[in-house]
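Being a predicted model, the structure only gives us computed values, none of them experimental. Residue numbering restarts at 1 for every chain, and letters A, B, ... go by the order of the sequence lines. Side-chain atoms are counted along with the backbone in the values below, which use heavy atoms only and exclude waters and symmetry mates.
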2 protein chains.
Amino acid sequence: METRRKGPVGRPRGFDADEALERAMRVFWKQGYEGASLTDLTSAMGITRTSMYAAFGNKEDLFRKALARYEEGPAAYVARALREPTAREVATAFLNGAVRTSTRPGCPPGCLGVQGSLAAGDPGLPVRNLLADWRNEGVTRLGDRFRQAVDDGDLPPDSDPVGLARYLMTVANGIAVQAAGGATQEDLQRVADMALRGWPPA
Amino acid sequence: METRRKGPVGRPRGFDADEALERAMRVFWKQGYEGASLTDLTSAMGITRTSMYAAFGNKEDLFRKALARYEEGPAAYVARALREPTAREVATAFLNGAVRTSTRPGCPPGCLGVQGSLAAGDPGLPVRNLLADWRNEGVTRLGDRFRQAVDDGDLPPDSDPVGLARYLMTVANGIAVQAAGGATQEDLQRVADMALRGWPPA
DNA sequence: AGATTTCAGTACCGCTCGGTACTGAAATCG
DNA sequence: CGATTTCAGTACCGAGCGGTACTGAAATCT
């Protein structure tokens, strides 16, 4: 006979973990991993250090969860772009999404995958490597999609799918850097348009 | 009657300030401003904290001087590119220089102007803004050069010089990000070549 | 040589960091 | 109701941060 629980025993948590994670994500996005102190994070989340550690583990765990949330939220344009029917539409949707997410009003400029950590001392290396892997995985996914496009015939047979993928990711990363320096959405949309002027014809 | 000094009175400094600054520049380049501790810096420079403060001011002053040295050294390709005869050659030299400097063996990957500080908490804001200004000044200089190119007739009269400048800077910034993630010189040279495929004809 | 000036080094300052032990209250169970 | 469990909050931990006072030696001047 198995013990059945109607709900978790004990006092339930008094805050919305999803909302707290959203707030934490924005602090990391704005200030980077090392630049975001636990005090910054917990005061934005509206909870105490104790609650944060109980709910999310530690600072690095919190960042990993914030990155996962970022991927499903602000960075969902990547997955959407990959589902576009042609290589050109994939590329266009990807860069336009990067522009919009990097310059969205009410959100920090740039991209969590770039601003989160680019260079760091020893204590920040795990997160730095996590983000480098995250960006490289994006290249891989785009590259797979473009290999498919070559098979489909909407990219020339002599195309370099991974090269095209890295090119787009490079431009998207640059857009994030430029957004951090104050470039506007119009500025960066022009950049995205220029970046596609040399795109291989179908 | 003016007092003449043959040399500075007192014990002369026992280290090469230029060499020390070069070492500091590389630490900032690799670890970023906030990620480079005074211990990291001074041990790489081979001097004590006291000597560093006497010779360079404080950590922020040291960074400013390291950035100036970076501009004259690894980033000298920018000034060289601006002196190329045509807009296309300017653009090509600029991107090729960004690729080489971001992937130079023996140097940290990327660009000090990007890796130095992209996102930061309150204490790092001055340096973050310094670098954003530095990047934007690069856009301005390229933009001035391309305006000249329009006058010279080696860019179409309806070109957007500042837009073209921002486009190149965006690609260069993206190259720095990608280099930090392990992209090789060959990878990034292909990216630079692709970025110029849509360049306006003379 | 003696006086002076700046050197390099140690030890320390107050502060903030990420992380934790401990307290007392609150909510759910039998 | 009483027992149990987890909550939120305070106060604190050792460590590292950027920066500085102080010491004694070394090198240049008159």
Side-chain angles (χ1 to χ4, degrees), chain A residues 1-17 19-20 23-24 27-28 31-66 116-117 120-128, chain B residues 1-17 19-20 23-24 27-28 31-66 116-117 120-128:
Chain A
M1 182 177 286
E2 56 189 20
T3 56
R4 282 235 163 211
R5 302 202 166 175
K6 295 174 183 172
V9 27
R11 176 177 170 178
R13 85 160 39 108
F15 62 92
D16 182 340
E19 173 71 14
R23 307 278 190 90
V27 175
F28 281 131
Q31 309 193 0
Y33 177 70
E34 297 200 79
S37 73
L38 276 182
T39 303
D40 293 334
L41 290 162
T42 51
S43 72
M45 297 165 88
I47 62 178
T48 64
R49 290 162 110 78
T50 315
S51 304
M52 181 262 145
Y53 275 89
F56 299 101
N58 61 13
K59 188 186 177 185
E60 187 174 327
D61 291 337
L62 178 63
F63 184 87
R64 300 185 117 91
K65 284 163 182 159
S117 178
D122 280 22
L125 285 185
V127 168
R128 189 186 71 107
Chain B
M1 183 179 289
E2 56 187 23
T3 57
R4 284 237 160 209
R5 302 200 167 174
K6 296 174 183 173
V9 26
R11 174 177 172 178
R13 83 162 40 108
F15 61 92
D16 182 339
E19 172 69 16
R23 307 278 190 89
V27 175
F28 281 132
Q31 309 192 1
Y33 177 71
E34 297 201 77
S37 73
L38 276 182
T39 303
D40 293 334
L41 290 163
T42 52
S43 74
M45 297 165 87
I47 63 178
T48 65
R49 290 162 110 81
T50 315
S51 304
M52 182 261 145
Y53 275 90
F56 299 101
N58 60 15
K59 188 186 177 184
E60 187 174 327
D61 292 336
L62 178 63
F63 185 86
R64 298 185 117 91
K65 284 163 183 159
S117 179
D122 280 22
L125 285 185
V127 168
R128 189 186 70 109

In whole angstroms, how far is the P atom of dC17(D) from the OH atom of Y53(B)?
12 Å
Could you tell me the separation between the CD atom of Q31(A) and the P atom of dG18(C), rounded to a whole number of Å?
11 Å
Measuring from atom CZ of F63(A) to atom CD of E34(A), what distance do you get when rounded to the nearest 0.5 angstrom?
10.5 Å
Who passes side-chain contact (heavy atoms from CB on, under 4.5 Å) against T39(A), sequence neighbours left out?
S37(A), R49(A)
Detail all sub-3.5 Å separations between protein N/O atoms and N/O atoms belonging to nucleotides 24-26 of chain D.
from, atom 1, to, atom 2, distance (Å)
dA26(D), O4', R11(B), NH1, 3.2

Between dT6(D) (P) and R13(A) (CZ): distance, integer Å
12 Å
Non-hydrogen atoms of D40(B) and G35(B) that approach each other most closely
OD2-O, 3.8 Å
Rounded to the nearest 0.5 Å, the NZ atom of K59(B) sits from the OG1 atom of T42(B) at a distance of 11.0 Å
Separation of atom CZ in F56(B) from atom P in dA8(C), rounded to whole Å
11 Å
Whole angstroms only, please: what is the CG-C1' distance between L38(A) and dG19(C)?
8 Å
For the helix from dA1(C)-dT30(D) to dG30(C)-dC1(D), what angle lies between the axis at the first five pairs and the axis at the last five pairs, to 10 degrees?
0°
Where do A44(A) and R23(A) come nearest, in terms of heavy atoms and distance?
O-NH1, 3.0 Å
Those residues that, when tested against R64(B), pass salt bridge (Lys or Arg N to Asp or Glu O under 4.0 Å) (two or more places apart):
E60(B)
Expressed as a whole number of angstroms, how long is the span from K59(A):NZ to dG18(C):P?
4 Å
Give the residues of residues 40-52 of chain B touching DNA chain C, defined as any heavy atom closer than 4.0 Å, sorted by residue number.
T48(B), T50(B), S51(B)
What pair of heavy atoms forms the shortest contact from S117(A) to G124(A), and how long is it?
OG-O, 4.3 Å
Looking at residues at least two apart in the chain, or sitting in another chain, which of them share a side-chain contact (heavy atoms from CB on, under 4.5 Å) with A17(A)?
R13(A), F15(A), F56(A)
Within the 4.0 Å heavy-atom criterion, would you say A55(A) contacts the bases, only the backbone, or no part of the nucleic acid?
nothing
Out of dC17(D), dG19(D), dC17(C), which has the shortest distance to the side chain of S37(B)?
dC17(D)
In residues 120-127 of chain A, which residues come under 4.0 Å of DNA chain D by heavy atom?
none
Does A36(A) have any side-chain contact (heavy atoms from CB on, under 4.5 Å) partners at least two apart in sequence or in another chain, and if so, which?
V27(A), F28(A), Q31(A), L41(A)
D16(A) CG to dC7(D) P, straight-line distance once rounded to whole Å:
15 Å
Can you list the residues that meet the side-chain contact (heavy atoms from CB on, under 4.5 Å) rule with T50(B), with sequence neighbours excluded?
T48(B)
Whole-Å distance between dC17(D) P and E60(B) CD?
18 Å
Quick one: closest heavy-atom pair of L125(B) and A120(B), and the distance?
CD2-O, 4.1 Å
How long is the gap from OH on Y53(B) to CD1 on I47(B), to the nearest 0.5 Å?
11.0 Å
Tell me every residue that passes salt bridge (Lys or Arg N to Asp or Glu O under 4.0 Å) with R128(B), counting only those two or more places apart in sequence or in another chain.
none
